[in-house]
Amino acid sequence: VAHDFNNLLTVIMGSLDSIRRQLEDTPSEPDVARLRRLQGMAFQAAERASSLTSRLLAFARRQPLNPEPIDVNKLATGLTDLLQRTLGERIALETVSTPGLWLAKADRAELESAIVNVAINARDAMPEGGKLTIETANAWLDDDYVEALTEPVPPGQYVMLAVADTGHGMDRQTLDRVFEPFFTTKGVGKGTGLGLSQVYGFARQSGGHIRIYSEPGLGTTFKVYLPMSSLTMPVRPLRDSAPTVTRG
Ligand code: ADP
Ligand code: MG
């Protein structure tokens, strides 16, 4: 469908371009000037639609997921340098790794791009700077918890990854729509509205689930729950089991 749509856009843009050429040979009267402006606007809209189509195609072409056992502490710590560079100097990054964390079962590349997508949103929400905290924990989702959810999530053991920012937060209307593809509150050319639909699609396809806590002015926390891998070794609690804090 995206390809067919793009073909139609090519025809529309071709026609608009020949209108432009014919208008160029016409002496400039107020009517002609107005037609030129309209032609220009229509052409720009068609160009934008065409670039959205390529993004849509790239989004749909994604490989099927390749789930493997993942140490989320290690993965998050490994991303520290990349994230700190993405966030800039005015945002402090802190990663709190819980000891004895179960292995998660997920696609490594998709999990990394989910974390980057959430971090970029956090950066955009903190234009004056702030703090980004990444934290992990083991989580049991019990019957009561999963029954209250709108989507089917089996009860059981999950690895939780929380990403919290101190940014401007979200109101109810925004929160209700964040996972919609192409939903963005950022200006034209700034947001694609595809970041969180990737994160949502990834979490659902992994058999996991996402929870968002956000209030205007009070920052935002994303909690991603990924199913525990069956390869997780039962660990005896360490005597000294304080979390490890990594700063970017
Ligand atoms: P984009 O970043 O391209 O706008 P996303 O799908 O990543 O698209 O996010 C959709 C919208 O959700 C954003 O435009 C923004 O309004 C809101 N949002 C996402 N993350 C945050 C955050 N950490 N703080 C405040 N608003 C957020
Ligand atoms: Mg985004």
Side-chain angles (χ1 to χ4, degrees), residues 2 44-45 47-62 65 72 75-76 79-80 82-96 106-107 109-137 150-151 160-206 208-226 248:
Q44 272 177 20
E47 265 186 338
R48 180 157 161 72
S50 170
S51 94
L52 279 179
T53 326
S54 359
R55 286 199 210 126
L56 190 61
L57 282 170
F59 188 66
R61 217 187 288 124
R62 288 181 312 149
L65 297 188
V72 179
L75 182 135
L79 282 176
T80 310
L82 170 81
L83 288 177
Q84 189 64 70
R85 257 181 287 124
T86 313
L87 295 170
E89 281 167 9
R90 282 190 299 176
I91 298 175
L93 171 65
E94 192 168 291
T95 306
V96 184
D107 182 297
E110 288 289 311
L111 175 56
E112 286 183 352
S113 77
I115 296 174
V116 171
N117 278 332
V118 171
I120 290 174
N121 284 341
R123 178 200 63 192
D124 292 347
M126 298 186 283
E128 323 282 59
K131 188 171 176 189
L132 187 82
T133 310
I134 300 182
E135 207 164 345
T136 53
T150 47
E151 51 205 17
M160 193 275 299
L161 173 84
V163 181
D165 67 54
T166 55
H168 57 58
M170 284 179 260
D171 57 21
R172 189 76 250 165
Q173 289 94 302
T174 305
L175 263 178
D176 285 344
R177 299 188 60 193
V178 281
F179 293 132
E180 266 177 42
F182 301 112
F183 173 77
T184 178
T185 57
K186 298 167 192 173
V188 173
K190 288 211 180 104
T192 60
L194 290 177
L196 290 182
S197 42
Q198 181 271 333
V199 178
Y200 181 79
F202 157 70
R204 290 305 293 148
Q205 280 186 66
S206 309
H209 133 84
I210 305 181
R211 192 125 230 212
I212 311 177
Y213 305 84
S214 186
E215 259 179 75
L218 293 178
T220 301
T221 301
F222 274 83
K223 288 191 174 177
V224 181
Y225 293 86
L226 296 167

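Counting starts at 1 for both ligands and their atoms, in listed order. Residues: numbered from 1 along the sequence shown. Just so you know, these numbers come straight off a predicted model, no measurement behind them.
- For a threshold of 3.5 Å applied to N or O pairs, the pair formed by Asp124 and ligand 1 contains no separation below that value.
- For ligand 1, the polar-atom distance check against Leu196 finds a nitrogen or oxygen pair separated by under 3.5 Å.
- The aromatic rings of Phe222 and Phe179 sit perpendicular, their planes meeting at an angle over 60°, well past the 30° parallel limit.
- Nearest to atom 12 (O) of ligand 1 among the protein's heavy atoms is Val178 CG1, 3.2 Å.
- At under 3.5 Å, a nitrogen or oxygen of Gly193, whether backbone or side chain, sits near a nitrogen or oxygen of ligand 1.
- Remark: the backbone N or O of Leu194 is paired with a side-chain donor or acceptor of Thr192 at under 3.5 angstrom.
- In this structure, Ser197 and Pro181 approach most closely via the heavy-atom pair OG-CA, 3.7 Å.
- Residue contact check: Phe183 has heavy atoms under 4.0 Å from atoms 8 (O), 10 (C) of ligand 1.
- Counting all heavy atoms, side chain and backbone alike, Ile91 lies closest to Gln84 at O-NE2, 3.0 Å.
- Atom 18 (N) of ligand 1 has its closest protein heavy atom at Met170 SD, 3.8 Å.
- Against a heavy-atom cut-off of under 4.0 Å, Thr174 is close to the following atoms of ligand 1: 16 (O).
- Within a radius of less than 2.8 Å around the Mg ion (ligand 2), the protein N, O or S atoms are Asn121 OD1.
- The closest protein non-hydrogen atom to atom 4 (O) of ligand 1 is Thr184 OG1, 2.5 Å.
- In this structure, Asp165 CG and Thr221 OG1 are separated by 7.0 Å, a value rounded to the nearest 0.5 Å.
- Each of Thr80, Leu79, Thr133, Thr136 was evaluated against Thr95; a single residue qualifies, Thr80, per the side-chain contact (heavy atoms from CB on, under 4.5 Å) test.
- Atom 23 (N) of ligand 1 has its nearest heavy-atom neighbour, among Asp165, Asn121, Ile120, in Asp165.
- With a 4.0 Å heavy-atom cut-off, ligand 1 is reached by the side chain of His168 but not by its N, CA, C or O.
- The distance from the CG atom of Leu75 to the CG atom of Leu161 is 8.5 Å, given to the nearest 0.5 Å.
- Looking at Ser197 next to ligand 1, no N or O pair under 3.5 Å apart turns up.
- In summary, the atoms of ligand 1 found under 4.0 Å from a heavy atom of Gly195, numbered by their order in the structure, are 5 (P), 6 (O), 7 (O).
- Annotation: the span from Thr174 atom OG1 to Ile212 atom CD1 amounts to 10.5 Å, rounded to 0.5 Å.
- For the atom pair CZ (Arg172) and CZ (Arg177), the distance works out to 13.5 Å, reported to the nearest 0.5 Å.
- Of all protein heavy atoms, the one lying nearest to atom 2 (O) of ligand 1 is Lys186 NZ, 2.7 Å.
- Distance check: Leu226 CG to Leu111 CG gives 6.0 Å after rounding to the nearest 0.5 Å.
- The CE atom of Met126 lies 6.5 Å from the CG atom of Leu87; values are rounded to the nearest 0.5 Å.
- A side-chain contact (heavy atoms from CB on, under 4.5 Å) with Met170 is found for one member of Thr185, Asp176, Val178 and no other, namely Val178.
- For atom 16 (O) of ligand 1, the closest heavy atom belonging to the protein is Thr185 OG1, 2.5 Å.
- The shortest non-hydrogen separation linking Asn117 to Gly195 is ND2-O, 3.6 Å.
- Considering backbone and side-chain atoms alike, Thr192 places an N or O below 3.5 Å from some N or O of ligand 1.
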